[in-house]
J.: 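Questions regarding the structure given below will be posed in turn.
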There are 4 protein chains.
Amino acid sequence: MRQHTETSSSVFDTGNHIGMMFSGPSTLRNFMISPNAASAPIARRRGRPPDPHARTRILTAAESLLNDAGYLGVTIDEVANRAGVSKKTVYRFWPHKPALISDLIVERSAVLPVPDTGDTRAELATLFGLIVEYLTAGHGRTLTLLVAATHDDPGTLNRLRDQVVTPRRDIGRRVLQRGIARGDLPADVDIDAVLDLWNGLVAYRLSGRPAALHRHTIDQLVELAMTGHIPRLPQS
Amino acid sequence: MRQHTETSSSVFDTGNHIGMMFSGPSTLRNFMISPNAASAPIARRRGRPPDPHARTRILTAAESLLNDAGYLGVTIDEVANRAGVSKKTVYRFWPHKPALISDLIVERSAVLPVPDTGDTRAELATLFGLIVEYLTAGHGRTLTLLVAATHDDPGTLNRLRDQVVTPRRDIGRRVLQRGIARGDLPADVDIDAVLDLWNGLVAYRLSGRPAALHRHTIDQLVELAMTGHIPRLPQS
Amino acid sequence: MRQHTETSSSVFDTGNHIGMMFSGPSTLRNFMISPNAASAPIARRRGRPPDPHARTRILTAAESLLNDAGYLGVTIDEVANRAGVSKKTVYRFWPHKPALISDLIVERSAVLPVPDTGDTRAELATLFGLIVEYLTAGHGRTLTLLVAATHDDPGTLNRLRDQVVTPRRDIGRRVLQRGIARGDLPADVDIDAVLDLWNGLVAYRLSGRPAALHRHTIDQLVELAMTGHIPRLPQS
Amino acid sequence: MRQHTETSSSVFDTGNHIGMMFSGPSTLRNFMISPNAASAPIARRRGRPPDPHARTRILTAAESLLNDAGYLGVTIDEVANRAGVSKKTVYRFWPHKPALISDLIVERSAVLPVPDTGDTRAELATLFGLIVEYLTAGHGRTLTLLVAATHDDPGTLNRLRDQVVTPRRDIGRRVLQRGIARGDLPADVDIDAVLDLWNGLVAYRLSGRPAALHRHTIDQLVELAMTGHIPRLPQS
DNA sequence: CTTTAACCGAGACGGTACGTCCGGTCTTCAG
DNA sequence: CTGAAGACCGGACGTACCGTCTCGGTTAAAG
């Protein structure tokens, strides 16, 4: 039977990933235990259990290949070779290449929280730094490619959104909300717009050409936010 | 001799595309005349000249296929079929698929000028509309994949930057400069930052999820620019 | 009798290849050659074994195509189509077209023995009939083209010689040697010369024009042999 | 329009070559200068005059390529390159590749007569020597391949037969007929069979393997002919 | 302690696209 | 009007990758 169906027990499509947002980077074989712990106590599995090291080695191999050859240069054969694993094993864990790369990004995308320091300006700067760091590190770039390459694969897309985009957004949202609560930011700030503006700037600078983003510009954007010169929600 | 070498006069690598910016959509066999007009007065060509219709038909076929099947669905065989042309002819014009798609995007990316109306606010709104229109039309996503496919082909990348990204940027640059000249915008506006901010926002909103970009938000961003609350150049 | 496969039950392996015994140990899956026949007793095979039916179907398809379109009309794509097999599979078994056709001829060239009847004249007539039959059947002409196509591939050439030419020659050699043993033929008959003379006559008659070879002529040649009027070895 | 139609002025298909055998060099395109030099002073031709060396250079280039790469390795592009000629020029002289190679063989196949010396045995030996020399020289071998490669092109086949095979055969026929007339050979010798037997032996020895043909064997075959131990015609 | 189901490496398989090459035709421009 | 240069169509070549499917063999839980 296919392991990667739409049914709930799939590694790839398993839902309820909210808890992850607070706990940092995801763990291997994400979230398989907790959601089923209560509802599926029996369902005993027989036979030899899958090698947990295999999955790790595959992801590591995929990552190195991604760095070496780019997204389109990643070959399942080569991933399997580098991982010392058979192709069959790769396809046991992921239904197709985009899913593998997607998982790779999900796991490698640390969603670091911005601690509440009481200093809104400092928190905004930290947030901006996280954005730059993430998108510069390589995974952010690959993420963009992945989205472009999987425009007809809503499953992978949703997974990426739920596992990577949304958690990262929530980190930013929380920082801005704290700023509002402290009275440092206007109450009607359009949080999504601000975050997309900042993320978009960094992503756009990276795509195509290696144009530098100066510290100066970042500071200005933070300052504009602190002075309330940022998009607001409509009054409706 | 190969047509797609690093040496000049090639359709694909020909430089000096400045003239295009003001003249709207590029023409076929771009820019072959002007760069060589002075430096290569003789250079007689022998043999049957390449069929200019073939090139056009190939690009048209590629465009329709791109719309039908997406970048990864574009096949040279199918392109040749739809164009009524042999594969060899396709490869005579472009060295490989990314180069073809790149040229397609270059030629199809109309760089519409924003006319000087004397009204800076209106011009900024027009500019923002062009950004949205261009990135929404579909080439934006293809462009991303193209970048992935040509990560080891700096020639194609440079061509895209020179032919598409730079001209589009210059349109925006001109609008902002007119605003500065009129005294509607501060003299030290960081033009590149503003344009990247706006382009980035739109591109980011489009990638992954079809999140709406409200008119409201656009108006606010224009208003922020008009009131000078946008990135400035450092004083250096 | 089945000298080839350890595994399978190919329909086309039915020929009696006794003659091969003199030319060294032949394996089926040639092109992998057999120097290890004695030195590699275990040689564990891993992975999915190649489908023996695929090979058979490919050869059958190639044969029908060869009959339909001639050697130059044989296309790997079409062979694969007719065999219901992918091109890759064809190239897994044979490195290129001449090798495939070569194997086809090798397998289809049944080397039928001439039974020992005690009647030398009858055996010579039977031998001559086999020569005519073989060269008329079509493989003779293909073989010529094959030699042309593989002029730079000594491996394929040697294979043809060892697997087809030599075994056929040995059948004739045996008949003549029996005739000598019975005292029906001179002891110093130049066996190779006689066989080449007979084969050459038939081959030459076939090449270019369909000139008939009359029964009359064959009988005469047999008679000349029986009366000793045939090439002899030098006395050295 | 096609230049190589069935009409009589075609280079390739011009018929009635029988008389040529006795009258010396062929009239087709060859030797164009001398016959016309005196007899056609008017007939003004316009435009660029045809290059008389072109045909020769093409044939020379084809010959060298044939030696280098074998029949299937001969490429019209490469022939044109080596000849310093355009492909079009090649196709102006010959309708397709086999025709070119065919003409090459025709021109290079000198049909040397065996002079009437009154000594039948010596003439037969000379004849055999010519056979060996011709078939060994390389063109004989190519001829065989050509015949095999053009099995579906009766025009080329007929041309080869008329221009090469038949003239050579007639040389041999004449020698044997002189022997009969002198009473050295039986009146009912099957001339075609003898010639095919001799030619076939040599051709067969050459095809595939370079097996030597000893002087000894040749002498024996001549001796067998001289003693009448050769195929005879049926009594009918 | 045996069964048995699932795992695993290796790699064959059908399918599809790639980019190259060749045969033969057609088109342009120079002489 | 010829000849050199070379673009053109059609189609075969041999390679690469995807995702699936055996194979022979292993491992751990079930019985």
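Naming: A, B, ... by sequence-line order, numbering from 1 per chain.
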J.: Going by salt bridge (charged side-chain N to carboxylate O under 4.0 Å, His left out), name the residues that satisfy it together with B:Asp51, two or more places apart in sequence or in a different chain.
T.: none
J.: Polar atoms only, N or O, under 3.5 Å: list the protein pairs with nucleotides 14-18 of chain F and their distances.
T.:
from, atom 1, to, atom 2, distance (Å)
F:dG14, OP2, C:Tyr91, OH, 2.4
F:dG14, O5', C:Tyr91, OH, 3.3
F:dG14, N7, C:Lys87, NZ, 3.0
F:dG14, O6, C:Lys87, NZ, 2.7
F:dC18, OP1, A:Val74, O, 3.4
F:dC18, OP2, A:Ile76, N, 2.9

J.: Of all residues at least two apart in sequence or in a different chain, which pass the salt bridge (charged side-chain N to carboxylate O under 4.0 Å, His left out) check with C:Lys97?
T.: none
J.: List the residues meeting side-chain contact (heavy atoms from CB on, under 4.5 Å) with B:Glu63, not counting sequence neighbours, and say none if there are none.
T.: B:Asn67, B:Leu104, B:Arg108
J.: Given atom OH of C:Tyr71 and atom P of F:dA12, what is their separation to the nearest angstrom?
T.: 15 Å
J.: Mind calculating the distance between NE2 (C:His53) and C1' (F:dT22) to the nearest angstrom?
T.: 13 Å
J.: Return the set of residues passing salt bridge (charged side-chain N to carboxylate O under 4.0 Å, His left out) with B:Asp68 (not counting sequence neighbours), or none when no residue passes.
T.: B:Arg82
J.: Rounded to whole Å, how long is the line connecting atom CG of D:Leu100 with atom P of E:dG24?
T.: 10 Å
J.: Side chain to side chain contact (heavy atoms under 4.5 Å, CB included), that's the test. Do D:Trp94 and D:Leu59 meet it? Break it down for me.
T.: CA-CA 11 Å; D:Trp94 298 274; D:Leu59 284 172; 3.8 Å; yes
J.: Starting at CD1 of B:Ile58 and ending at P of F:dA7, how long is that distance when rounded to a whole Å?
T.: 13 Å
J.: Take the protein atom CZ of C:Phe93 and the nucleotide atom C1' of E:dG11, then report the distance between them rounded to whole Å.
T.: 12 Å
J.: In whole Å, I'd like the distance from the CG atom of B:Leu72 to the P atom of E:dT16.
T.: 17 Å
J.: Can you list the residues that meet the side-chain contact (heavy atoms from CB on, under 4.5 Å) rule with B:Ala83, with sequence neighbours excluded?
T.: B:Arg57, B:Ile58, B:Ala61, B:Val85
J.: Between B:Arg48 and F:dC8, is there a side-chain N or O to OP1/OP2 distance below 4.0 Å?
T.: no
J.: What heavy-atom pair brings A:Leu146 and A:Pro98 nearest, and what distance separates the two atoms?
T.: CD1-O, 4.1 Å
J.: Find the distance B:Asn81:CG to E:dT16:P and express it as a whole number of Å.
T.: 14 Å
J.: What integer distance in Å separates C:Asp51:CG from E:dG14:P?
T.: 7 Å
J.: Does a side-chain N or O of C:Ser86 approach OP1 or OP2 of E:dG14 to a distance below 4.0 Å, or not?
T.: yes
J.: Of B:Val85 and D:Thr89, whose nearest nucleotide on DNA chain F comes first from the 5' end?
T.: D:Thr89
J.: 5'-most contact on DNA chain E: C:Ala83 or A:Ala54, nearest heavy atom basis?
T.: A:Ala54
